[in-house]
Amino acid sequence: MVSLTRGTGEIRTRTGLGRGWRLVACWLAVFLPVGQALAEDGHDLWLRYVPVQEAQAAAYRADISELVVTASTPTARATRDELQRGLQGLLGAAPPQAGKVGRDGALLVGTPASSPQLAALKLDLKALGEEGYLIRSVRIGGHPATAIAANTDVGALYGAFHFLRLIQTAQPLQALDIREAPRLKVRVLNHWDNLDRHVERGYAGESIWDWHRLPGWKDPRYTDYARANASIGINGTVLNNVNSNAQSLTPMYLEKAAALAGVFRPYGIKVYLSARFSAPMEIGGLKTADPLDPAVRRWWKAKADEVYRAIPDFGGFLVKANSEGQPGPQDYGRSHVDGANMLAEALAPHGGIVMWRAFVYSHEQPDDRAKQAYSEFVPFDGKFARNVLVQVKNGAIDFQPREPFHPLFGAMPKTPLMMEFQITKEYLGFATHLAYLGPMYEETLRADTQVRGPGSTVARVIDGTLDGHALTGMAGVANIGSDRNWSGSHFDQANWFAFGRLAWNPHLGAEDIAREWAKMTFSTDPAVVEPVVAMMMGSREAVVDYMTPLGLHHLMGRGHHYGPAPWDAGSERADWDPVYYHRADRNGIGFDRGSHGSNAVAQYAPPVAAQFDDVAQVPEQFLLWFHHVPWEHRLKSGRPLWDELIAHYDRGVDYVAGMRRTWDGLAGKIDPERHAQVAAFLAIQQQEAQWWRDASIAYWQSLNGLPLPAGHAPPPKPLDYYQSLKFPYAPGNG
Ligand code: GCW
């Protein structure tokens with residue numbers, strides 16, 4: 001049974017509720033007695049707007065006695081509707097609307113242009129830019145009021161969501177003085193969604209884009225998607241997979257994309273498309289896609305013009321070129337700069353941008369795949385057009401549970417680099433493993449590249465402050481699908497949320513974000529919030545422990561990436577095989593990327609390179625990423641590597657058991673439907689964590705022949721059992 005008691009924030013109480021408010025309060029008291037469970041399926045995400053405790057609601061209602069929003073634009077209407085819906089849900093009824101502030105407790109929302117009363121306040125909005133806002137307690141005509149003010153309607157919408165979040169997280173509404181502006185300009189989701197609705201690396205059902213029924217049928221989900229994104233400041237979405245299909249650029253599909261853009265526009269969200277480099281040949285009838293060929297250049301210009309006729313505020317193109325078999329400029333002996341700048345030129349007259357991905361690796365087998373993006377891109381620093389962002393994954397391999405920060409960050413000072421994080425959990429157990437990615441994002445963002453001395457963090461590279469870039473951004477590979485709960489699991493919603501909050505401000509803390517999310521998603525009761533946040537904060541480290549401890553990486557089953565397969569070898573490319581990454585044998589384990597090995601360390605700034613290169617100084621979490629060491633290698637704990645590896649595996653499995661106990665203890669405090677699904681998923685996770693541990697140990701033992709240290713159980717099955725497991729239909733593949 002769920003408790004409707006939410007929050008402990010100190011809320012001032014007032015009397016004198018209007019008649020409407022009193023009726024609603026009575027209604028709630030009769031029909032929603034404390035202790036009654038509400039059925040919840042996660043569809044409302046963190047925008048649940050469930051009633052706060054009545055005493056608090058009464059206080060909040062006194063603070064918000066009327067709503068003053070000039071709803072003269074679609075965005076302002078969306079703002080008004082969201083406030084009405086939110087306050088209705090949270091407080092039992094929406095406050096009455098007024099044309100202007102006329103009594104105590106008004107909530108005045110808008111821009112100086114839309115509201116003379118706001119203009120008269122002469123608030124300092126200059127530094128807030130086009131998307132910022134302030135929320136301030138003010139006096140208007142002698143009445144205490146709250147102003148949500150911005151330079152644009154979208155800024156005011158963001159402010160409204162922030163205001164609702166204050167109530168959702170049980171904050172007081174007095175003496176407010178909040179100023180917010182996003183630190184990054186382009187805050188986009190990347191959907192790896194195909195036109196047939198298969199989602200590459202998607203674990204939440206099929207794509208939410210119902211291309212076949214578009215543009216005629218605009219699923220109401222699209223509006224909810226836009227609301228959810230706007231609530232965390234996401235301002236763009238790339239609709240289609242980077243492994244793209246040229247059809248997305250045909251008139252038929254542009255019309256469908258335009259319909260989506262129309263739904264998203266009021267919420268400040270621009271549509272972008274992944275552009276297939278060979279589209280001029282596939283849908284344009286040209287014989288080449290050579291970026292220096294005049295006919296090709298003309299084709300892209302005409303295509304950009306056509307796109308902008310359909311979608312006047314189109315954001316631009318995302319491109320994966322010459323990577324994993326995708327076409328690109330190198331097919332014609334041209335460079336990434338030639339390719340990116342050709343598209344940039346076509347988009348520039350319309351204000352569009354190109355997000356050119358640095359996730360490349362060549363057809364030839366490199367000595368170390370981790371080095372390739374840096375080698376290919378650094379020589380081009382300063383050569384990309386002004387409207388190009390180079391989009392760099394957080395690490396140099398591929399979204400592993402843990403990677404050191406990508407060496408490109410800080411290495412291209414004359415080029416704006418944007419971050420690419422993966423929100424969907426391709427390598428972290430899919431949707432059934434609870435892994436809160438906030439700490440992983442934070443770890444990368446706070447990593448110190450040291451390129452301009454200490455404090456040159458990755459966050460400062462991407463927010464433009466380190467090298468003075470105005471064009472900045474962050475992309476997140478979406479975990480959204482048509483599952484009722486959007487993300488495949490309730491806790492995976494937190495990763496979408498955390499991505500958005502960090503894209504808005506990459507200096508935020510993962511724990512604060514988790515606490516916000518937990519309050520909005522489950523309950524403000526500290527007896528719920530604190531254990532949930534504690535579970536979340538250690539959950540990604542647990543995945544690292546049971547899958548790839550101490551710097552191991554890419555040991556997942558080939559292709560689908562589900563489950564352990566450290567033995568996998570012999571595929572068409574060595575660098576798709578786990579054995580390429582761990583290099584284990586009888587004597588030792590790890591990839592030597594030090595100065596005597598592939599020398600990938602040299603791609604970092606000297607102090608960082610020196611630290612990573614020295615086996616005695618490298619952070620142990622990256623030991624086997626940078627070094628090949630004997631199984632007996634002593635770690636800081638005094639234990640040999642082998643014993644330490646086993647300890648990590650067991651610690652990871654134990655953590656999951658601990659999460660299950662914590663979650664079981666929350667029965668009765670969380671609605672039964674969501675509680676049951678999380679409990680079932682945690683049981684799956686525990687089984688799979690154990691499987692990872694057992695299969696990995698069985699395999700390492702087959703190489704090193706070492707016994708397990710005392711107190712650690714041997715794998716229950718022989719190695720060939722684990723090797724025999726096959727998963728031809730694992731989701732999200734290919
Ligand atoms: O993580 C890998 C995935 C591919 C993906 C590729 C990329 C879209 O396994 O499925 O392709 O990265 O980022 O381009």
Side-chain angles (χ1 to χ4, degrees), residues 188-204 207 237-246 248 272-277 317-328 330 336 339 355-363 369-370 372-373 376-377 389-403 406 408 417-431 437 440 444 474-481 495 499 547-548 553-563 565 568 571-573 575-578 580-581 727 730-734:
V188 285
L189 290 177
N190 286 184
H191 285 265
W192 287 357
D193 294 20
N194 295 340
L195 297 179
D196 64 3
R197 301 189 78 173
H198 174 75
V199 181
E200 183 157 350
R201 311 310 174 183
Y203 313 105
S207 169
T237 178
V238 186
L239 300 174
N240 58 326
N241 193 351
V242 289
N243 289 334
S244 60
N245 183 330
S248 299
Y272 298 74
L273 290 170
S274 292
R276 186 162 166 88
F277 202 79
F317 291 137
L318 169 65
V319 187
K320 171 176 178 178
N322 294 118
S323 169
E324 299 185 325
Q326 293 300 304
Q330 292 172 355
H336 288 296
M355 295 170 285
W356 191 269
R357 294 178 87 226
F359 178 71
V360 294
Y361 52 98
S362 68
H363 297 305
R369 182 174 135 189
Q372 183 132 2
E376 281 198 32
F377 277 80
L389 277 156
V390 173
Q391 181 168 314
V392 183
K393 288 189 182 182
N394 58 292
I397 295 293
D398 192 10
F399 298 139
Q400 296 303 294
R402 167 166 282 125
E403 296 196 32
H406 201 302
L408 272 176
L417 302 187
M418 69 188 282
M419 173 65 73
E420 178 176 325
F421 282 129
Q422 198 176 42
I423 308 172
T424 189
K425 301 208 313 298
E426 174 182 358
Y427 294 100
L428 287 104
F430 300 0
L437 302 181
M440 185 174 91
T444 305
M474 192 187 287
V477 180
N479 65 352
I480 297 161
N495 294 328
F499 167 77
M547 286 189 185
T548 50
H553 50 287
H554 222 305
L555 307 184
M556 297 76 189
R558 193 197 307 160
H560 52 62
H561 301 152
Y562 171 67
D568 228 347
S571 64
E572 55 188 285
R573 289 185 64 113
D575 56 358
W576 285 349
D577 291 337
Y580 170 94
Y581 293 100
F727 305 96
N733 197 12

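One-based numbering, in listed order, for ligands and for the atoms of each. Note that the numbering runs from 1 along the sequence shown for the chain.
Taking the ring-ring contact (aromatic ring centres under 6.0 Å, His included) definition, one finds that Tyr562 meets it with Phe430, Trp691, Phe727, sequence neighbours left out. For Tyr581, the side chain to side chain donor-acceptor pair (under 3.5 Å) partners are Arg369, not counting sequence neighbours.
Contact between His561 and ligand 1 is present, with at least one heavy atom of the residue lying under 4.0 Å from the ligand.
Around atom 1 (O) of ligand 1, the closest heavy atom drawn from Thr424, Asp398, Asn241 belongs to Asp398.
Closest protein heavy atom to atom 8 (C) of ligand 1: Asn243 ND2, 3.3 Å. Protein heavy atom in closest approach to atom 14 (O) of ligand 1: Lys320 NZ, 2.6 Å. Counting protein heavy atoms only, atom 3 (C) of ligand 1 is closest to Glu426 OE2, 3.2 Å. When hydrogens are left out, the protein atom nearest atom 6 (C) of ligand 1 is Glu324 OE1, 3.3 Å; that is the closest non-hydrogen contact. Protein heavy atom closest to atom 12 (O) of ligand 1, with residue, atom name and distance, is Lys393 NZ, 3.1 Å.
Of all atoms in ligand 1, listed by their number and element, those nearer than 4.0 Å to a heavy atom of Phe359 are 6 (C), 7 (C), 12 (O), 13 (O), 14 (O). Per-residue contacts place Glu200 under 4.0 angstrom from the following atoms of ligand 1 (heavy atoms of the residue considered): 4 (C), 5 (C), 8 (C), 10 (O), 11 (O).
For the residue pair Asn243/Glu324, the side-chain donor-acceptor check at 3.5 Å is not satisfied. Using modelled atom types, one finds no donor on one side chain facing an acceptor on the other under 3.5 Å when comparing Asp193 with Asn241. Between the side chains of Lys425 and Asn479, no donor-acceptor pair of N or O atoms lies under 3.5 Å. A donor-acceptor contact under 3.5 angstrom links the side chains of Gln330 and Glu376, judged on distance only.
Counting only distance, with no hydrogens or angles, the side chain of Gln372 and the backbone of Ala370 share no donor-acceptor pair below 3.5 Å.
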